[in-house]
Amino acid sequence: MDKPECFIDTESGGKLYVKESALQILQKIEQPVVVVAVVGLYRTGKSYLMNRLAGKQTGFALGSTIESKTKGIWMWCVPHPTKAGTTLVLLDTEGLGDVDKGDSKHDSNIFCLAVLLSSTLVYNSRGTIDNRAVEELQYVTELTECIKVKSSNNEADDSGEFVKFFPSFIWAVRDFTLERKIYGNDATEDEYLEFALKLKVGTSKKVMEYNLPRECIQNYFPSRKCFTFPFPTAPENVSRLEKLDSADISSDFLEVTENFCKYAFEKSEVKKLKDGIIVSGRVLGHLAKNYVDTISSGVVPCLENAVIAMAKIENEAAVKDGLEIYQSGMEKLKDTFPLELKNVSSEHQHLSSTATQTFMKRSFRDNDGGYLKTLEEKINKLFDEYLRQNEEASKRQCEDLLSVLSGPMTEKLKQGFYAKPGGYDLFCKDLEDIVKNYNSQANKEVKAEEVLEEFLKQKSVDSKAILHADKKLTEKEKKIKEKAVLLEQEIKVKEEKQRQLEEKMEAERKSNEERMRQMKEKMDEEIKLQREEAERAMDSKLREQAALLEKGFKEKADRMKEEMEEFKRQNAERRGFLLATLPNMPYLSCLFLIVISQT
């Protein structure tokens, strides 16, 4: 994208909606995406940071008045500067707290969407991180009312699981002029943030209100980082910051900006859904539409429901993609029909494997293998049809060949050439020559034997008449000769049909083995992602628990320990669920047991 595009806008009635033009852009992005969203009060310079992350001086609109410049959520997709094969998606959100909007719920929805869609959330504020600054981040305390993890948990508070799925958190403090000192000692930016988020001891209403936003930030986001930006330039130049040369901007400000960008590029992870599912640009578009439509309908967005909805969309599309790959290849092969069965089967195996690979790249959460089975059934149905078309082409070619080879015999029959003593032997000799020539030219055709059998049945009418008219043969010899040729050909036809059946079954066996191999790789990857997700959440909880114990908050630390035990229990349940869903697919059940035994 050369410039930002409006991603999520507001209708005249106040409802949010996703712009179709933005969805079309995301639909074309097959790569994984790193999503960095910036939120904060209006007129705090959020857009400047986004432009710098895009490697540009201008792009997202920078306002120079007291009005909020950005409306809704704007998007800018650029190649990631340090992660090859990845797209960086920058989301610049509408400024929070704009009095002209007169709708605090709108601000909550914007903040909620930024959290749900991003892998790194940048909170931009001015001045210092004091109690007022923390209180202005009130939206974080409302997340339990705006987001649910599980659809079955309508009443229960499942915010303890937010840390598994929420983005990393960066607090960007603009126009920072204080010395960073704690109890007289120099402090790093991160120490300054942690000091500002320090909890007070006590249970009074005032203490609990003070602690609430701080607890939410500590418990919901897996990692926290802080950058303090000095004034960028003289006050009279701030309104045209995007037009200034670097020489006119504070070197300290530029240094912090460079450190901020470097950290965002290196530490911001690829966006993932529940169970560690990697998000592409296309999935991000579906995800945004799902969340926005849910919010606009007045329902609380649910992470689990979103994953289920995404899985259905992507798995159905994955089946379609795999089928198109297979069908496209077989249509090209069809132009060369007729072919030997082994050649058709070989290409079927290759294209079936490629189709499965295509399916695996896009599919996720196909726990019972239902969508993969659908793809397999559709491919096998197409394979049968292509085999039929190959047989039809083979039949036509064999019939044409026999018509040419038997032309002289047909003329002799018309002329009565065989209607004489010894005529039957002459007829058999000519027929033998036809069969010999036919076999040498059509021996690799799939319908060669069946067409020959049909030809011999047709000629048996003539042979019977010639046989009975031939006075040189005894009755016994006539009966023996009458049956011998047809019986021999019937045996050949049966043998050929059996050979072709075995060849087809072997092709299907190899295709199933390849599907099993690819399914094992897919399961290995999904289990790895789930393990990483659990470890990431557990690590965050352990760090918070240690910090709480150190600060004397034993009760909160105990509660966090219970949450960690719940994480372990859920992981065990997930593995048990996958086991329970596979009995109807024997080859997948065996495969899953192998994968589970390795974890």
Side-chain angles (χ1 to χ4, degrees), residues 333-346 348 383-507:
L333 186 71
K334 189 173 79 170
D335 293 337
T336 63
F337 284 174
L339 294 170
E340 288 186 66
L341 179 59
K342 66 178 182 180
N343 293 335
V344 181
S345 297
S346 175
H348 159 74
F383 181 44
D384 287 341
E385 176 59 23
Y386 284 117
L387 287 179
R388 188 193 67 76
Q389 292 179 31
N390 187 56
E391 288 173 356
E392 286 295 319
S394 175
K395 183 179 179 183
R396 287 192 298 270
Q397 187 160 302
C398 291
E399 287 174 344
D400 291 344
L401 177 60
L402 276 175
S403 178
V404 172
L405 294 175
S406 63
M409 173 181 277
T410 302
E411 286 301 315
K412 288 181 179 180
L413 285 169
K414 287 180 181 178
Q415 296 169 8
F417 178 77
Y418 302 111
K420 58 185 178 181
Y424 184 75
D425 286 336
L426 294 173
F427 177 82
C428 288
K429 178 66 171 62
D430 287 348
L431 188 60
E432 185 180 332
D433 289 341
I434 291 172
V435 171
K436 184 178 179 181
N437 290 330
Y438 173 81
N439 284 334
S440 67
Q441 296 180 50
N443 66 324
K444 294 183 179 181
E445 294 288 345
V446 292
K447 282 292 183 178
E449 298 300 339
E450 286 188 37
V451 170
L452 180 58
E453 181 186 32
E454 184 62 31
F455 173 76
L456 293 177
K457 284 181 179 178
Q458 292 172 3
K459 292 303 174 188
S460 69
V461 177
D462 296 322
S463 69
K464 284 180 181 179
I466 296 170
L467 180 63
H468 287 294
D470 195 334
K471 303 301 182 181
K472 288 180 69 177
L473 298 174
T474 65
E475 287 301 316
K476 185 176 181 180
E477 288 174 324
K478 288 179 181 180
K479 288 180 181 180
I480 293 173
K481 286 181 175 284
E482 188 176 346
K483 294 179 180 179
V485 176
L486 278 176
L487 181 60
E488 181 183 354
Q489 187 57 33
E490 284 177 5
I491 292 172
K492 285 184 178 180
V493 169
K494 287 179 181 178
E495 288 175 347
E496 178 61 18
K497 284 183 176 180
Q498 180 63 29
R499 187 190 67 78
Q500 291 182 14
L501 177 62
E502 289 174 357
E503 198 167 314
K504 183 184 175 185
M505 289 175 66
E506 178 64 13

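Atom CG of Leu456 and atom CD of Glu449 lie 9.5 Å apart (nearest 0.5 Å). Expressed to the nearest 0.5 Å, how far CG of Leu387 lies from CD of Glu392 amounts to 12.0 Å.
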Take Lys447 and Glu450, measure what salt bridge (charged side-chain N to carboxylate O under 4.0 Å, His left out) needs, and give me the verdict at the end. CA-CA 5 Å; Lys447 282 292 183 178; Glu450 286 188 37; 3.0 Å; yes
Side chain to side chain contact (heavy atoms under 4.5 Å, CB included) between Glu340 and Val446: does it pass, once the steps are laid out? CA-CA 6 Å; Glu340 288 186 66; Val446 292; 5.7 Å; no
Pair Tyr438-Val404, side chain to side chain contact (heavy atoms under 4.5 Å, CB included): steps then yes or no: CA-CA 10 Å; Tyr438 173 81; Val404 172; over 6 Å; no
Any chance you could lay out the side chain to side chain contact (heavy atoms under 4.5 Å, CB included) test for Asn437 and Leu401, step after step, and finish with the verdict? CA-CA 10 Å; Asn437 290 330; Leu401 177 60; over 6 Å; no
Does the side chain to side chain contact (heavy atoms under 4.5 Å, CB included) test come out yes or no for Asn390 and Leu341, once each step is laid out? CA-CA 9 Å; Asn390 187 56; Leu341 179 59; 5.8 Å; no
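When side chains are defined from C-beta on, Leu452 counts as touching Asn439, because their heavy atoms get closer than 4.5 Å. Here the side chains of Gln441 and Leu405 are in contact, with some heavy-atom distance below 4.5 Å. Contact annotation: the side chain of Arg388 approaches that of Glu385 to within less than 4.5 Å [non-hydrogen atoms, C-beta and beyond]. Between Phe337 and Ser394 there is no side-chain heavy-atom pair separated by less than 4.5 Å.
The environment of NZ in Lys395 is sparse: at most 12 heavy-atom neighbours from other residues, nucleotides or ligands sit within 6.0 Å.
Across every non-hydrogen atom of Thr336 and Leu333, the tightest pair is OG1-O, 2.6 Å. Taking every heavy atom of both residues into account, Ala448 and Cys398 meet most closely at CA-SG, 3.8 Å.
A donor-acceptor pair is defined here as one N or O able to donate and one able to accept, closer than 3.5 Å; such a pair exists between the side chain of Thr410 and the backbone of Ser406. In this structure a side-chain-to-backbone donor-acceptor pair under 3.5 Å is missing from Asp462 to Leu413. Counting only distance, with no hydrogens or angles, the side chain of Tyr386 and the backbone of His348 share no donor-acceptor pair below 3.5 Å. With Ser460 contributing its side chain and Lys457 its backbone, the two residues share a donor-acceptor pair below 3.5 Å.
Tyr418 and Asp430 share a side-chain donor-acceptor pair at under 3.5 Å.
A cation-pi arrangement is present between Lys420 and Phe417 under the rule of less than 6.0 angstrom and at most 45 degrees off the ring axis.
Classification of Lys429 and Glu432 as a salt-bridged pair fails, no side-chain N sitting under 4.0 Å from a carboxylate O.
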